[in-house]
Novice: 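Just passing along the structure, written as structure tokens.
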Amino acid sequence: MRLRNLFLLGAAALATASPPSAETEEDLTRENTYFNGKKVPPIMELTPANYKEQLKKSKFLMVKHFSPWCGHCQEFLPTFQTLYEYYYTSKPVGKEDDFTEFYNFRFAELNCVAYADLCTENKVAAWPTTILFEDGEPVVTFRGVKHISVLSGAVEDALEKVKPNTRPKTLELPEPGDKTSPDAKTEVEQTEKVDAREKESEKETVKETEKEKGKETETSTAVSPDASSEGEVTPKKAYTVNYNTPAQKVAPKPANPNPKGLSVPLTWDTFQSMVTLTQEPWFVKFYAPWCHHCKAMAPNWEQLAKEMKGKLNIGEVNCDRDTRLCKELRVRGYPSIMFFKGGEKVEYEGLRGLGDFVQYAEKAIDLSSGVPDVDFDSFKALEEKEEVIFLYFYDHATTSEDFLSLERYPLSLIGKAKLVKTRDPKLYDRYKISTWPRLIVSREGRPTYYTPLAPREMRDTRMILNWMKSVWLPLVPELTPTNAREIMDGKIVVLGILNRENEDSFRGAIREMKSAANEWMDKQIQLFQIHRQDLRDAKQLRIEEAEDRGDQRALRNAKNIRINMDRSDTKEASFAWVDGTFWQRWIRTTYGIDAKDGDRVIINDEDKRRYWDQTSTGNPIVPSRTSILETLNKVTVNPPKLKPKLTISTIEKMFFDIKMTFKEHPYLSMGCILGIAFGLFQWLMGRTTRRSRGHFKLEEGVGMKESKPSTLFGGSSNTATKAD
């Protein structure tokens with residue numbers, strides 16, 4: 001088509017024609033798109049060959065720096081493409097001029113994998129990064145995925161600057177992926193309806209023609225080739241919108257999960273193709289046919305598959321048959337249950353009842369869908385439903401690396417807490433956020449802040465997960481077999497023994513325990529701040545003293561003092577409650593308390609196998625803020641002011657103390673054992689030597705006279721004889 005047009009221009013035009021530009025070459029290899037019914041050429045691609053030329057050529061050039069494999073770049077792709085199509089087809093107010101020529105404003109993209117040097121030259125450290133150039137110099141930089149309204153604001157400012165009063169006062173921007181702007185949508189819809197009616201009428205005409213041709217064939221009427229071609233109707237070319245362009249591919253519609261409500265048997269090959277290499281969530285059990293626990297769990301698993309029909313894929317792997325797969329996934333026992341999504345996994349550690357499976361699966365479906373955005377109102381509504389919420393604050397400068405790190409946490413939080421993100425200024429003000437990104441946890445409306453702020457620490461997955469594990473329990477969680485270790489180990493726990501069946505008493509007890517927990521945490525924060533201030537004051541006194549003496553060495557040493565606020569050696573006090581009716585036997589055998597006597601509270605130190613169940617006055621501790629705090633203050637000091645009781649016998653306590661001594665002081669304990677062993681060895685060797693020597697005896701055949709001189713004086717026997 002292009003060559004034919006060139007021939008029609010004549011020989012003179014061919015002689016003076018210039019070689020095609022980079023933009024023209026792109027038209028040959030990339031498809032056009034359509035917006036508001038107008039054809040839009042592919043967005044310009046920058047290369048080292050045309051980069052400087054395009055910067056000089058354009059007054060304004062908005063460049064998207066991207067990587068083809070970057071997930072956030074793929075997410076940002078339809079936004080930038082729609083922005084380009086919207087402005088390319090727009091017109092200045094009251095004019096019919098072409099947008100690109102009138103404003104000298106162009107859009108382009110730069111592949112940072114193919115042309116890394118150009119991206120480095122533009123100081124691009126993360127993808128996607130969008131830079132607006134003016135006269136070849138960067139004026140505005142956007143890092144990460146941005147909303148189309150944010151980018152449009154920068155574009156409008158530039159257009160108003162170069163051509164004042166040529167832009168509309170208000171803009172109705174399309175959503176990413178739209179092919180019509182809101183103001184032109186009605187017109188395009190009407191055009192599409194007309195085209196659809198034309199197509200229907202054309203189809204009917206074709207059908208009628210085919211019927212007539214069939215009748216002519218039946219009557220053996222001779223039809224010439226020319227007559228046959230005249231009888232066919234060529235459909236009129238209708239306007240269509242190309243929605244599936246290389247610049248913006250329509251995402252495939254996800255398959256309906258678990259359509260039959262069955263647990264799918266998986267093998268090595270099917271596991272790779274259906275689970276590992278897809279983004280679909282799967283709940284999979286690993287079992288052995290001979291395992292008794294697996295057989296007992298089988299009915300609940302089958303029922304779970306029915307409950308999750310159309311919601312979540314359920315699968316199972318026979319580890320006797322697929323040993324390699326189970327070994328690679330580090331299956332340690334049967335049955336093992338894991339949740340998979342996108343090649344990542346998390347092991348299920350809950351109970352194996354049907355209700356427990358369903359509850360976990362529903363939360364997994366919710367969290368595996370990604371980290372949702374919330375505003376002030378939706379977060380407030382979420383607080384009423386969730387006890388623990390992790391809230392991630394971000395702004396326009398938050399990078400793709402930060403968001404990529406954030407997407408790694410939801411699977412670890414299944415069944416534990418909810419993770420959301422926000423950029424609502426109202427939430428900034430509520431939690432006094434002044435630096436971004438920032439992470440907090442809200443428990444019962446009480447915030448706890450993740451203190452590290454450096455970019456590396458905000459992307460350290462292991463560090464953040466360890467912090468999440470330390471704070472993802474509610475203020476007063478229920479003690480269950482799945483979280484007992486997490487609650488009890490390494491802490492002094494205020495454990496309420498409550499009767500869930502008495503609703504009024506239960507609510508009042510929980511309210512009192514939460515009140516005590518909040519007050520205790522406030523007190524600990526105040527003590528922490530006082531201790532920190534004391535250390536700072538002590539450091540400042542040393543600095544002032546060194547300055548007064550003029551001692552530069554002492555001044556340097558004082559300034560180098562690090563204020564260590566590590567509290568790893570301090571035991572944390574936490575709160576929890578247990579159902580006294582359900583755990584009646586364990587409570588009676590361990591703590592000697594009968595749940596039938598009413599609600600009680602104990603303060604348990606699991607690491608030392610001891611507990612307190614009475615106040616300083618000798619009365620039982622009850623679920624009361626005053627009773628709890630009064631006793632807690634006396635048992636957390638070292639040594640405790642109240643005498644504890646033991647959860648084990650005296651002999652067991654002796655062996656337990658020896659074990660704990662070895663655990664806490666291994667080298668000192670080993671040295672003592674070696675010293676005792678060496679002393680015992682020396683004593684035994686000395687005793688054995690003395691026994692082997694026996695009594696002193698003279699050798700037979702040696703006379704007394706001969707032996708005395710040599711023994712007493714050291715002389716020989718010959719000398720003694722001559723003297724006589």
Side-chain angles (χ1 to χ4, degrees), residues 254-369 407-416 461-462 465-466 468-469 472 480-486:
N256 183 29
N258 193 9
K260 297 181 180 180
L262 299 174
S263 179
V264 181
L266 298 169
T267 63
W268 172 267
D269 295 330
T270 58
F271 190 89
Q272 298 295 326
S273 60
M274 298 174 66
V275 181
T276 307
L277 300 178
T278 68
Q279 290 295 324
E280 295 184 17
W282 279 82
F283 204 22
V284 183
K285 77 167 180 178
F286 300 84
Y287 72 101
W290 47 263
C291 168
H292 174 72
H293 297 291
C294 302
K295 294 178 181 178
M297 193 188 77
N300 288 341
W301 193 256
E302 292 177 2
Q303 187 61 33
L304 170 68
K306 295 179 182 178
E307 294 284 342
M308 291 293 109
K309 181 179 180 180
K311 299 179 182 178
L312 177 65
N313 294 307
I314 307 295
E316 56 187 52
V317 176
N318 185 341
C319 290
D320 273 4
R321 183 182 59 194
D322 293 284
T323 309
R324 178 186 173 189
L325 176 59
C326 296
K327 186 175 181 180
E328 185 168 315
L329 293 173
R330 299 180 182 178
V331 176
R332 296 169 292 179
Y334 307 131
S336 290
I337 304 169
M338 300 182 188
F339 183 82
F340 296 86
K341 186 178 186 297
E344 297 186 8
K345 68 171 185 176
V346 60
E347 189 164 356
Y348 173 76
E349 298 176 347
L351 300 177
R352 295 169 185 170
L354 176 60
D356 302 295
F357 283 151
V358 172
Q359 184 180 10
Y360 182 89
E362 290 176 347
K363 291 183 178 180
I365 295 170
D366 182 30
L367 285 176
S368 63
S369 60
E407 294 293 339
R408 296 172 183 164
Y409 306 127
L411 286 186
S412 300
L413 296 176
I414 296 175
K416 305 291 184 181
T461 305
R462 180 173 297 180
L465 277 178
N466 288 336
M468 285 180 167
K469 290 178 181 179
W472 67 19
T480 64
T482 57
N483 64 10
R485 287 286 184 188
E486 189 176 0

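For clarity, every value in this text was computed on a predicted model and none was experimentally measured.
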Novice: What pair of heavy atoms forms the shortest contact from G353 to N300, and how long is it?
Specialist: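 It is CA-ND2, 4.0 Å.
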Novice: Closest approach of L304 and A361, non-hydrogen atoms and distance?
Specialist: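 Of all heavy-atom pairs spanning L304 and A361, the closest is CD1-CB, 4.5 Å.
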Novice: Identify the two heavy atoms, one from E316 and one from S263, that lie closest to each other, and give their separation to 0.1 Å.
Specialist: OE1-OG, 2.8 Å
Novice: Checking the side chain of N258 only, and the main-chain atoms of M308 only, is there a donor and an acceptor separated by less than 3.5 Å?
Specialist: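 Flag set: sc N258 to bb M308 pair under 3.5 Å.
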Novice: Taking the side chain as everything from C-beta on, heavy atoms only, tell me whether D320 gets closer than 4.5 Å to Y287.
Specialist: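 Counting from C-beta outward, D320 and Y287 never come under 4.5 Å.
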Novice: Could you note down all residue pairs passing ring-ring contact (aromatic ring centres under 6.0 Å, His included) where residues 300-338 supplies at least one of them, sequence neighbours left out?
Specialist: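 ring-ring contact (aromatic ring centres under 6.0 Å, His included) check on residues 300-338 returns F283-W301, W290-Y334, W301-F357.
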Novice: Nearest 0.5 Å, please: how far is CG in L413 from CG in L465?
Specialist: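 Here the rounded value is 7.5 Å.
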Novice: Any donor and acceptor pair, going by atom type alone, linking the side chain of D322 with main-chain N or O of V317 inside 3.5 Å?
Specialist: no
Novice: Quick one: do R332 and E347 make a salt bridge, cutoff under 4.0 Å?
Specialist: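 A salt bridge links R332 with E347.
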Novice: Rounded at 0.5 Å granularity, tell me how far CZ in R324 sits from OG1 in T267.
Specialist: 11.5 Å
Novice: In Å and rounded to the nearest 0.5 Å, what is the CD to CD distance from E302 to E307?
Specialist: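 One finds 13.0 Å between CD of E302 and CD of E307.
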Novice: Check step by step if side-chain contact (heavy atoms from CB on, under 4.5 Å) holds for E486 and E349.
Specialist: CA-CA 12 Å; E486 189 176 0; E349 298 176 347; over 6 Å; no
Novice: What distance do I314 atom CD1 and K285 atom NZ have between them, rounded to the nearest 0.5 Å?
Specialist: 11.0 Å
Novice: Calculate, to the nearest 0.5 Å, the distance between atoms CG and CH2 belonging to N483 and W472 respectively.
Specialist: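 N483 CG to W472 CH2: 11.0 Å, rounded to 0.5 Å.
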Novice: Minimum heavy-atom separation for T270 to P265, with atom names?
Specialist: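 In terms of heavy atoms, the two residues are closest at OG1-O, 4.4 Å.
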Novice: Could you check R352 against H293 for side-chain contact (heavy atoms from CB on, under 4.5 Å), going step by step and ending with a plain yes or no?
Specialist: CA-CA 10 Å; R352 295 169 185 170; H293 297 291; 4.1 Å; yes
Novice: Quick check for you: to the nearest 0.5 Å, what is the distance between C326 atom SG and F271 atom CZ?
Specialist: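 Rounded to the nearest 0.5 Å, the SG-CZ separation comes out at 9.0 Å.
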Novice: Residues two or more places apart in sequence or in another chain: which of them pass side-chain hydrogen bond (donor to acceptor under 3.5 Å, both in side chains) with Y360?
Specialist: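 Partners of Y360 under the side-chain hydrogen bond (donor to acceptor under 3.5 Å, both in side chains) test: none.
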Novice: What heavy-atom pair brings V275 and T278 nearest, and what distance separates the two atoms?
Specialist: O-OG1, 3.3 Å
Novice: Set out, in order, the CA-CA distance, both residues' side-chain angles and the distance that settles side-chain contact (heavy atoms from CB on, under 4.5 Å) for N313 and F340, then state yes or no.
Specialist: CA-CA 10 Å; N313 294 307; F340 296 86; over 6 Å; no
Novice: Do you know the tightest heavy-atom contact between C294 and P335?
Specialist: SG-N, 3.6 Å
Novice: Any heavy-atom pair between the side chains of Q279 and K341 that's under 4.5 Å?
Specialist: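 Contact flag for K341/Q279 side chains = yes.
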Novice: What I'd like to find out is whether the side chain of I365 reaches to under 4.5 Å of the side chain of P281, using heavy atoms alone.
Specialist: no
Novice: In this structure, are over 12 heavy atoms from other groups packed under 6.0 Å from K345 atom NZ?
Specialist: yes
Novice: Does a donor on one side chain and an acceptor on the other come within less than 3.5 Å for W268 and E328?
Specialist: no
